[in-house]
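Worksheet for the structure shown next.
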Amino acid sequence: MMAPRGRGLSPENLEKAEAIIACYPEKRSGLVPLCHLAQSQDGYLTAEAMDDIARLCGVSAAEVRGTASFYDMLHLEPVGRYVVAVCTNIACMLGGAYTVLAHAEDRLGVRVGQTTNDGLFTLEEAECLAGCDRAVCVQVNHRFFGPVDEAGFDHLVEELVSGALDDTVPPHGVLSRVERSIGLEATAGEAAGRASAGGYGR
Amino acid sequence: MVSEKAAPLAATERSSSDTPPAPPPDGVSLTIDGMAVTAPKGELVIEAAERAGVYIPRFCYHPRMAPVGMCRMCLVEVSSPRGPSLQPACYVQVSDGQEIATRSPAARKAQEGVLEFLLLNHPLDCPVCDKGGECPLQDQAMSHGPGETRFVEEKRHWAKPISLGPLVLLDRERCIQCARCTRFAEEVAGEPLIDFLSRGDRIEVAAFPELPFTSYFAGNTIQICPVGALTSPPYRFRSRPWDLEQVETTCTYCSVGCRVAMQSSAGKLVRLLGIDSEPVNQSWLCDRGRYGFEAVNAAGRLVEPLVRRDGELQPAAWHEALGFAAAGIRRAMSSGGGRSVGILGGARLANEDAYAWSKLARAVIGTDNVDAQLGDGLPAELVLGLPRATIEDAVTAKAVVCLAGDLHEELPVLHLRLRGAALQGVPVVEVSPVPTALSSLSYLVPYRPGYLLGAVRALLGEATSELPGTTAADVDAGRRGLADALDSSPEGEGVVVVLGRVSLAESAEQIAAAATLLSERWPAARFLPALRRANVLGALDLGLAPGVLPGRVLLEDGRAWFEDRWATELPAGGGLDAGGMLRAAACGELGALVLLGADPLADFPDRDLARSALETVPFILSIDVLANPSAQLADVVLPAAAHSERGGTTTNIEGRVTRLAQKVVPPGTARADWVIASELAERLGGDLGFDHLEGIWEEIEQLSPVHRGCTLGALVLRGGYDGVVVPVGAAPVRLGSPPSGWRADGVRPIDPMATPGIASADEQGAPLFAGASVPAGSDLSEALGPLDARSVRAGGAGTGEVPPGGNGSLGPAPAGEPPRPPLMGLSSGRFSAPETPRPDGYGVRLVTRRTLFDHGTLVQECTSLAGLAPNQLLRVHPKLVEQLGVRDGERVRARSPRGELVVPVLGDATVPSGVAVLALGAVPVDEPGAALLLDSAAQVVDLRVETLG
C-alpha cells in the first residue's frame, strides 16, 4: 500500500537526500538528517515526506514517524512561521519565566502547543535551552533571545511581525548544520542567524 | 493461585534433578539459585533457568523472537569477577562457572521495583479488561511485585481504544512498552507497520496515519501482548478467561495445519490462539485462520436439509432429503451406470469423511469421477508421487525452490516459516511470473506465463530457446542461489521444491512438466506441495482423485487389494477430474453431480463452464457447511457439521496427520460428512460398514498403505500433539518419550508468557474423544483420567522415537498380513508440457492468483474479515497504462479468447511488461471477475487491454 502522494521532498531535496545518505555506511543512519531536511522544506514533517524518507532509508514509514516523534525539535504537525519556545527550567523560572509564558499566551492568544490563526506563531514551553546566563531565555526558530521580560516579549513579537528580524531568524525548519556536514554552503541569511541576538529585556 | 499460574514449571521440574541432563560437548556448567545446571553455549540465562525449572519473570522476552532486554523484569543477580551485578536474564548468555541468583534480596528488590514502575501508569482496570484472569502483568504483579505502590499522582489518560488496523484495537494506558508487537511485525512478519511514537510517559504504539496495521499476521500481536493493550474486535468483551473452554485442534482454513487452541464460551466459538507446534506453526497464525471461526457462528450456516420443490429449495426432514438424494443418484446410475455420477470437492472434509466418500464412490456408486481439487490444483499423481518434504526439511534445506503462487496469500504461515529460513541464510529461488511477498529475500527468476518449463531448464543450466521475460542475469541469480546446494550434491540432496499452482491462468501441465523435470534432474530433492485448500492433501491421500485409491495407490495397483477388502468390484479407471466432470456435465453426459463442499461457481477458474455444467446436469446434491452460490442451484442441499463441531483427523501439506477436536455442537440438524455418506450408501443399497468415527480411522490404518502404523493411539498419545507424518517413518515421530526440555510427565513446556492465554501446557492436551472438553484452568487428568488409562483406551502403544527412513515401521503388522499395494511413485516423463502459443506483441499474458481475503463464501461469512477483501484491479506495468492513455484506477476492457471484463487498471512497476495480474475471487460471485477470462483447457490466457468506448 502506498501513502497518498503530494508534498513529498522536492526534486532538489531528493537530490540532497541522496547526498546525505551517501555519507553513511548504512542507509537508515540518514533518517534523522533527512527529517531535518524535510522540516526545512515544509516547516514540519509531512506524511508524504516521511514516506519519501522511509523509502530512501529502506525502513517503514511507521519507523520514520516513530523516530521523528522522539525529538522535540522535529515537528509532526504544521507549525507557525515562528516557533517560539519559552524556557521554564530553573534559572529562567526564577527569572520569571512563568510570568513571561502567561503573558505570551495572552499576547499571542493561544495556549502552549497551539499556533495562532494567522499561522505566524507557535508557542512552546521548553526545558533548559542552555541560555541560563540570559534568563528568561526565549528561542525563536532555534535562535536565542534573552533576557526577555513581558515588554521585551511584545517587542520581539512586533519585530518578528514587522520583518525587522528577517535576516536573523530564518523560517522554521532551516538548519544549516545538516548541510554543512556534507559540505554545502549556508545561505547568507542563515549565516547571519547564527549570531544570536540580545536586548529584549532588562 | 495466580503466582502458581505464572510459574507453572517451577513446581514439577525440581524433582527431575535426580536425572541430570548429560552435559553437551560444547556446554557450560553454572549454578542457578544454587542448583547445578549445564547448558549449551550461547543459551540465554532465562532459557537455561526455565529448563532447570526456575521461572524468571519476564514481559518482553519471547522464545520465538530475538531478545531486547526492554522491560527489565527479568533482572537477576549474576556473579562476575567484580562481584554480583543485576543483569537481564533474557539478554545474558550462560557462561562457565556463572552463579545466578533469581530470588536473592537484590534480585527481588529489582524485580519489585521494575514492576512498581511498570504499573505507575497502568490503569488497573482488570475488571473490564479482556486480559484480566489470563494476564501476565496481573499474574506477575502478584508473584513478583511489591504489592503496594508509592505513586499517588494522576495517571496518564488516553482516548480508548484506538484501532491500529482493521483487526487490532489498542488501549494505550495498558501498554507497558515491551515491544513484543512491534518486534513481531518487523522480525517475524517482515511488515513493520507499527512502531513506538513519542517518548517518556507519552510513548505509544502507532501505525503511520495512512498505513494502518493491515498485516495478515496482525492477530499474533494480540496473542503475544502480555497485557490487555491489544485486543481484537471479534473477542473484545465477549468472554472472560474463566468462562472459556478450550481444546487443542488444527486450523483448517488452509492446508498448513497450524495447531490451535480453540476456545468457546456459552456454546459459541469465541477465540483461536496459536499453539507453539515446533514443526508447523511455531505459535503463529494468519488472521484468516484466527478469525475464520466466525463462519462457524455465521447466519449463513445450513441448519436443515433443503429439497427443491416447485422450483424452490424448501426445508425437509433428513430421511426425506436423503431419499431424494439417493433417488437422484440412482436415476443417473440406472441410465448411464456409476460413471454418470460425478463427485466434486472433498478438500473441506476431515480424513475420515474423505475415506467414507471415496469408498462410497468406488464401492457403492461405482464411479471414478471424484476430484477434491477444483481445477485450481495439480494432478494428483504428481502430488502423491513425488518424494514429500516436511516444513522442517524446507526451512533447513540447502536450497528451496519455489514453483508456487504467492505463499503469503495462499499459505501464510508457510510463508512465515520460509521467510524465517531465508533470513537465516537458506537460499530461496523463486520461479514466478511476478514478484511475491518473499521476493525481497529470494533469488527471483521471472518468466512469461507459458515458459515455466524453459525457465526451469535454464535454471538447471540446460540450453533453451529464447525465453521471453527471463534475462540471462535472472537465470544467473537463480543459479547462484542453488550453487552451494548443487555443488555438494548434484543429485539435489537437501533441496526442497515448494510446488503449487503458480497461476490459475497457466495450465497445471506446465507446472507438472517442470516438476517432473526437476525430479528427474534432482532425484534426491524433496517436494512440499503448496495446494491451499484445507484438507486437500488428506482427500488426495484417501483417494478423492480420479484413478487414485486410498493410501496414495493407483487404481490398478490397488484394485485387487481393495476389491478383496471392500468385497466389491471397483469401477474402471480413467475417471474425470473436476474440469472433465464439468465439461461432461455441460454436454449432458453426467446424470448427477455431488458438490462435496465445492462451490464451482465461485472457485472453478472458468465461470462459464461451471455455470453451464450446473445448469445442464439433471441432478445436483450439495453438501456444505454454508449456503454458497452453487448450492442455490442444487436439487438437494444437506447441512454438514463444521470441523469444530465433530472430531476426526486432518492432513497437512507435509502429510502430517493431526487430530481435530470438537468444541461446539452443530447448529440445527447438521451432520458430519461421513454420517451422510453412510446414510446415502444404505439408501443406495450398499453398506460402508461404519458406525463410529474411530472405526473409520481403524479401517484406514488397516487398509491404506500410506497410513499403516498411524494408529489412533499414535495420534492421541501425549507428545503426539504435533501429529504423525505419513507414511510413518518418513519424518521423525516423537511419541511417549519426551524430548529434552519437556517435563518429566511428557507435557511440553509451553511458556505461558510466549502464548499468554494458554496458561499452562496441561490444558493443551485435546480431549481424546469427540465431544469431551474441559474448562480452561481445570485439571485435565482429572477430567479424562490418568494418562495410562487414556492411551490404553485409545488403543495406543508405540513409544520412543521412530527414525526417519522406514515405511510404516510403527506398530506391529498383523501376522500373516498380505503385502499392501505399493505407494505410487513418479514415473518419469509422465507429464510433459504441450507447445505454448507464443506471445504476440500486442497482448499481455494473464497471471491469476488468489488473495487471502476474497469474496468467497467462507471469508464473507466472517464479519471481521468480509470487508478486508481487496477490490478487483488489473495490475500491469505502468508503461502500458501510459500507452493506453488512462490514469491509475480508470476502467479498461480486458478481452481474452474466452470473455471480456471491464476492470480498473493500476500501473505497478513490480509487474513485468507483457504480464497482467488479476486476482480470482476479488468480486462477489455474481459480478464479472477473473473467472470470466479464464479457460480451464488453455495453456495460457492472452489478454488484450483496451480503453472503453
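The sequence lines fix the lettering, A, B, ..., with proteins before strands; numbering per chain opens at 1. The basis for the numbers below is simple: all heavy atoms, side chains too, and nothing from hydrogens, waters or symmetry mates.
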#### Entry: Residues in side-chain hydrogen bond (donor to acceptor under 3.5 Å, both in side chains) contact with D118(A), at least two apart in sequence or another chain
T116(A)
### Task
Hey, could you give me each pair passing ring pair (Phe, Tyr, Trp, His ring centres under 6.0 Å) that has a residue in residues 72-112 of chain A? Not counting sequence neighbours.
H75(A)-H172(A), Y82(A)-F121(A)
### Query
Any residues in residues 187-197 of chain B near chain A, with a heavy-atom distance under 4.5 Å, and which are they?
P192(B), L193(B), I194(B), D195(B), F196(B), L197(B)
### Query
Once you round to the nearest 0.5 Å, how far does OG1 of T67(A) lie from CZ of R199(B)?
12.5 Å
### Task
Can you establish whether the number of heavy atoms outside D888(B) located under 6.0 Å from its atom CG is more than 12?
yes
### Query
Rounded to the nearest 0.5 Å, how far does CD of E186(B) lie from OG of S60(A)?
7.0 Å
### Message
Would you say CG of N117(A) has more than 12 non-hydrogen atoms from neighbouring residues, nucleotides or ligands within 6.0 angstrom?
### Response
no
### Message
Quick check for you: to the nearest 0.5 Å, what is the distance between L76(A) atom CG and S198(B) atom OG?
### Response
8.5 Å
### Query
Does atom CZ of R107(A) have more than 12 heavy-atom neighbours, drawn from other residues, nucleotides or ligands, at distances under 6.0 Å?
yes
### Task
Please collect all ring pair (Phe, Tyr, Trp, His ring centres under 6.0 Å) contacts where either partner lies in residues 41-65 of chain A, sequence neighbours excluded, each pair once.
none
### Summary
Rounded to the nearest 0.5 angstrom, the CE-CD distance for M50(A) and E210(B) is 8.0 Å
### Query
Around K155(B), counting heavy atoms of other residues, nucleotides and ligands shown, do more than 12 lie under 6.0 Å from its NZ?
yes
### Message
Quick check: closest heavy atoms across R65(A) and A207(B), and the distance to 0.1 Å?
### Response
NH1-O, 2.9 Å
#### Entry: Enclosure of E15(A) CD (heavy-atom neighbours >12, cutoff 6.0 Å)
no
